[in-house]
Amino acid sequence: MAISAADVRSALSIPEGNATAGPSQPKKHLPQNARKPDGISRELYSLIGPSAPSLAAQLAKPRLKQKPNFGGGTAKTRWELRPFKNGARQDNLELWHWEKVTSDPPTEYAFAKYNTQSTTYIYSQDEYTRFLDDKEWTKEETDYLFSVVQDYDSRWYIIYDRYDFPGGPTRSLEDLKDRYYSVCRKLVRNRPWAGDEASKAQLISSFQFDKEREMTRKKYIISLENRTPDQIAEEEALYIEVKRLEHNERKFKKERESLLRTLAGIDSGLPDIVEDDGTQMGISNEKTTTKGATTKKKGGQPTDVDSPATPSVASTPALKRPSTTKNAVYDATHCIIRTEPPTSGVATKAAHQPAYLRSFKLPTPKAAIAPKITQALAELGISHSRLVMPTRENTAQLEALLDATTALIETKRVMDKVEYDIQVLKNRLGMREASQAATDVEMKQENTGDAEGSNFGETGGENEDGEDGRAQSVMSARSARNRKHPRRSVSVSSVDTASTRAGVKRQKKN
Amino acid sequence: MVNYGGDEVSALVVDIGSSSVRAGYAGDDTPKAIIPTSYGYIPKLPDTDVDMSDSTQENAPQAENSRFAKIFVGQNGPSVWRSGMEIGNPIVEGLIHDFAPIKPLIDHALSKVMLINPSEHPILVTEPTWNTPANRERMAEIMFEEFNVPAFYIANTGVLNAFAAGKGSALVIDIGQSMASVTPVVDGFVLRKGLSYSPLPKLVHAHARHLLTSPTQIRRGIDLLPHQLIASKAVVDANALPQFTIREDRIAGTTQKWRNWAETREVDEWLQTIAGVLDQGWNDQQAASKPSRQYEFPTGYNTFFGAERFLVGEQYFTHNPQLVASNPNLPKTLPALITEALRACDPELRQVLMGNVVLTGGGSLFSGLADRLSAELTRTFPHTKIHAPGNPIERRYGGWLGGSILASLGTFHQLWISREEWQEHGKAIVGQRCK
Ligand SMILES: Nc1ncnc2c1ncn2[C@@H]1O[C@H](COP(=O)(O)OP(=O)(O)OP(=O)(O)O)[C@@H](O)[C@H]1O
Ligand SMILES: [Mg+2]
């Protein structure tokens, strides 16, 4: 019952003329001369035919750019599995690894150079009997100690762990260190020395070991560890109390400062109390001390002479400082570093400072601008939240760095504000000039003066951390302006400048 | 290449634990071959001389191995039921106790799974801290004399776990299948005096098994029959009696050892699937408030486990006073192990170590264990930092991973004990080189 198209046509009496339209008819091919242009698919072309030249032009194959040759025209790098010998080995072990094929002569194994040996002291029997005899130690045990020290490259915890001299008494880590270093010192002292005295003294001091002090220190650590939760809680409570007192003090000082300024137009000259976010007791104390010192020096400046001599608790710590020369010498020889009690000075037990491990109380930036500081330091590739070796100097350095960064960020903020102010004022000025060109001469002078003031900095000494000169001059301009129009906000910025300076100074000393 | 200090010499790393033998290329992040340490064997009868040339399975040609007529290792070793097959495990308390199956095990992992020739590769093997000098020397001997390796090194799992965590100093808490250990590592060396370990995981396992097989008010003791012995089973409601048919044909040929091994696996499965530990210490209400979970055993029996599933994990941290009274030699709990390890360390080191705790081993994947440990430790040491990789492979095979890192370092290649050195110095070189 197949019905062809022709049957349908005849039934519907449609003329037979355009036979090509029916799909059942063999399709007549398009004229051969209209070749399919490039960039258009055959199916699409047969649908739309050659009647769309503009389309074909658009679809013409795009000419691609030449592939860049990053290799600089060199041939492919070839790698080869090769045997190699390690110069750090005593034997002839050959291992295989993949190497770049080069025409260079074979080189020393790249990792052999990391095989470093530390120098160890060897003594003769004669030297032992003359200098090194010790009733606590036999020569055999001393020899054993030296061999273990060499085996474990002076890693003392490991030496102590592995130390096992048959028949010898039990030795503490301090005993071992003491014996080893004292032998080294004696050897250096008694042998002929080729270099100068200074280098000899330096070498000897590098072998310095104070057993008593080490043991006391360990005892302190243990007692610190053995605090009961109650004791810790009490410390915590006291700490909060100190913070509260400090806060009150600060508030009091601020109020008085502003009173003095508004009434008498002078600075009180009282020591600043540092603000911090309450996590770093020890650091805050160190800071306060240095601040106290700076203010003491400032005290000689004429501006402070006529400040009212208010009996103030806050100014006393500078006087209380125990600085007799005898003490200082004693401290220096025993590496004791005294930190001042908090300057709040109120004689409560809240003034007590608990012992702490320095690494737990690293300085942290002010909470409010902490993210900015982190970002700024991150740009320099520094992470401030971790100190590999939190010595006192390093903590001070870190603190100085944070101070400097804080000052930098503060300065930047102030600068932005001032620039904005300038912009606004300039605009206003422009508008005024336009409207009343001749009238307001006085006003014009003042405004331009203010704006131009920002270009003349008075100091240039604190180029810390890439602080750019521009920001700095803005800062000083600001302080110059502040002197003219004392306002409340001044105290904040002066605190910051002071702290930066203190930080820089301390850093230079180290 | 020199930048990160790596230089790969296609060394192999082999880590043998109680549960599995891990082997792979140094420099990879996952072992290529992980096969069970347990092996099946058909014991050799005292007087018959069994034909040794078996073509399908690993054979033990050495005289010392001749107590096995046949030995079956690898994925199709112990887990495939065979008539008369016994199960053995060479590891006792983390140490290799029986060296006879060690060669077939390592050989299977290297030649059958990794498809390599061990005599072409330097091999680094791991050992627990409490390994004996005799044991490590024996291992060196096997490697040089039987596998003909060009170079060998044996490294401590504690140190390797610390390396895997990227640390030179750490307190490594490793909970494996048979042993839990706490190892202080300083500057890449173990402090042997601070090591403490106990077969705690075994106790947890025994506790779980007891809990499952003893009857309670709501259920009878659970039958831990493995699926290899079950022909068919029907779906039943929770707590209903299971309906299954046993493969009677196999019962007679099933050895006691194999049955015990298979049941142990069922208990392990249960432990890994639904057991856990509360993260803030035992608390009846809290345990009761946790949702109970359904579990189906191979017999088709299924039931809901509530608070009891947390009771099991509690064994890691506290011992029931009654149990202590009746059994004075209980393995030490994790807190006890940690305290003991720290007490033996220099006071100055304790803070450093607690700031670098590394939690590793398959047992530490036990649900809730890491959180609980962290809660317990921060209570006594507020500055505790626990490094526990979230990736289970990294956590379970930390020892292997550390070995993989170590053996691919350029600076390490001077430490290998070469064949030449072995021939010249003999066994003594092992103790001298691998400190
Ligand atoms: N997700 C999981 N939850 C609980 N336990 C697990 C989990 N995964 C693995 N385990 C357990 O970890 C154990 C195996 O751990 P691992 O591979 O570290 O042991 P091992 O190193 O072979 O043994 P050992 O260190 O005792 O010699 C097994 O007992 C297994 O039950
Ligand atoms: Mg293990």
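Worth saying up front: this structure is predicted, and the values here are computed from it rather than measured. We name chains A, B, ... by the order of the sequence lines, and we start the count at 1 in each one.
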Got a second to check how far [X]'s [atom1] is from [Y]'s [atom2], nearest 0.5 Å?
| X | Y | atom1 | atom2 | answer |
| --- | --- | --- | --- | --- |
| B/Glu348 | A/Ile221 | CD | CD1 | 4.5 Å |
| B/Ser418 | A/Asn86 | OG | CG | 11.5 Å |
| B/Gln414 | A/Leu93 | CD | CG | 11.5 Å |
| B/Asp346 | A/Lys218 | CG | NZ | 3.5 Å |
| A/Phe111 | B/Thr411 | CZ | OG1 | 6.5 Å |

Q) Can you tell which of B/Lys435, B/Arg350, B/His121 has the highest number of heavy-atom pairs within less than 4.5 Å of chain A? A)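 Of the options given, most contacts go to B/Lys435.
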Q) Between B/Thr380, B/Leu415, B/Val9, B/Val186, which has the largest tally of heavy atom pairs under 4.5 Å with chain A? A)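 Ranked by contacts with chain A, first place is B/Val9.
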Using every non-hydrogen atom in the two residues, find where [X] and [Y] come nearest and quote the distance to one decimal.
| X | Y | answer |
| --- | --- | --- |
| A/His97 | B/Glu8 | CB-O, 3.3 Å |
| B/Pro347 | A/Glu225 | O-OE2, 4.0 Å |
| A/Tyr163 | B/Lys193 | O-NZ, 4.1 Å |

Q: Please check if the side chain of A/Asp91 supplies one atom and the backbone of B/Glu421 the other of a donor-acceptor pair under 3.5 Å.
A: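 No: the side chain of A/Asp91 does not pair with the backbone of B/Glu421.
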(Q) Would the distance check show the side chain of A/Arg89 and the main-chain N or O of B/Trp416 forming a donor-acceptor pair, the cut-off being under 3.5 Å? (A)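 Side chain of A/Arg89 to backbone of B/Trp416, a donor-acceptor pair under 3.5 Å: yes, one is there.
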Using side-chain heavy atoms (C-beta onward) and a distance below 4.5 Å, is [X] in contact with [Y]?
| X | Y | result |
| --- | --- | --- |
| A/Tyr157 | B/Asp187 | no |
| B/Val190 | A/Arg162 | yes |
| B/Asp7 | A/Phe84 | yes |

**Q.** Neighbour count above 12 (heavy atom, 6.0 Å) for A/Ile122 CD1
**A.**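 Count not over threshold, so no.
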Q) Do the rings of B/His413 and A/Tyr109 sit parallel, tilted or perpendicular, given the 30° and 60° boundaries? A)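 Judged by the thresholds at 30° and 60°, the geometry between B/His413 and A/Tyr109 is tilted.
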Q | Which atoms of A/Ile158 approach chain B - backbone, side chain, both or neither, heavy atom under 4.5 Å | A |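 Both backbone and side chain.
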Q | Interface residues of residues 148-163 of chain B facing chain A - non-hydrogen atoms under 4.5 Å apart | A |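 Within residues 148-163 of chain B, the residues under 4.5 Å from chain A are B/Pro150, B/Ala151.
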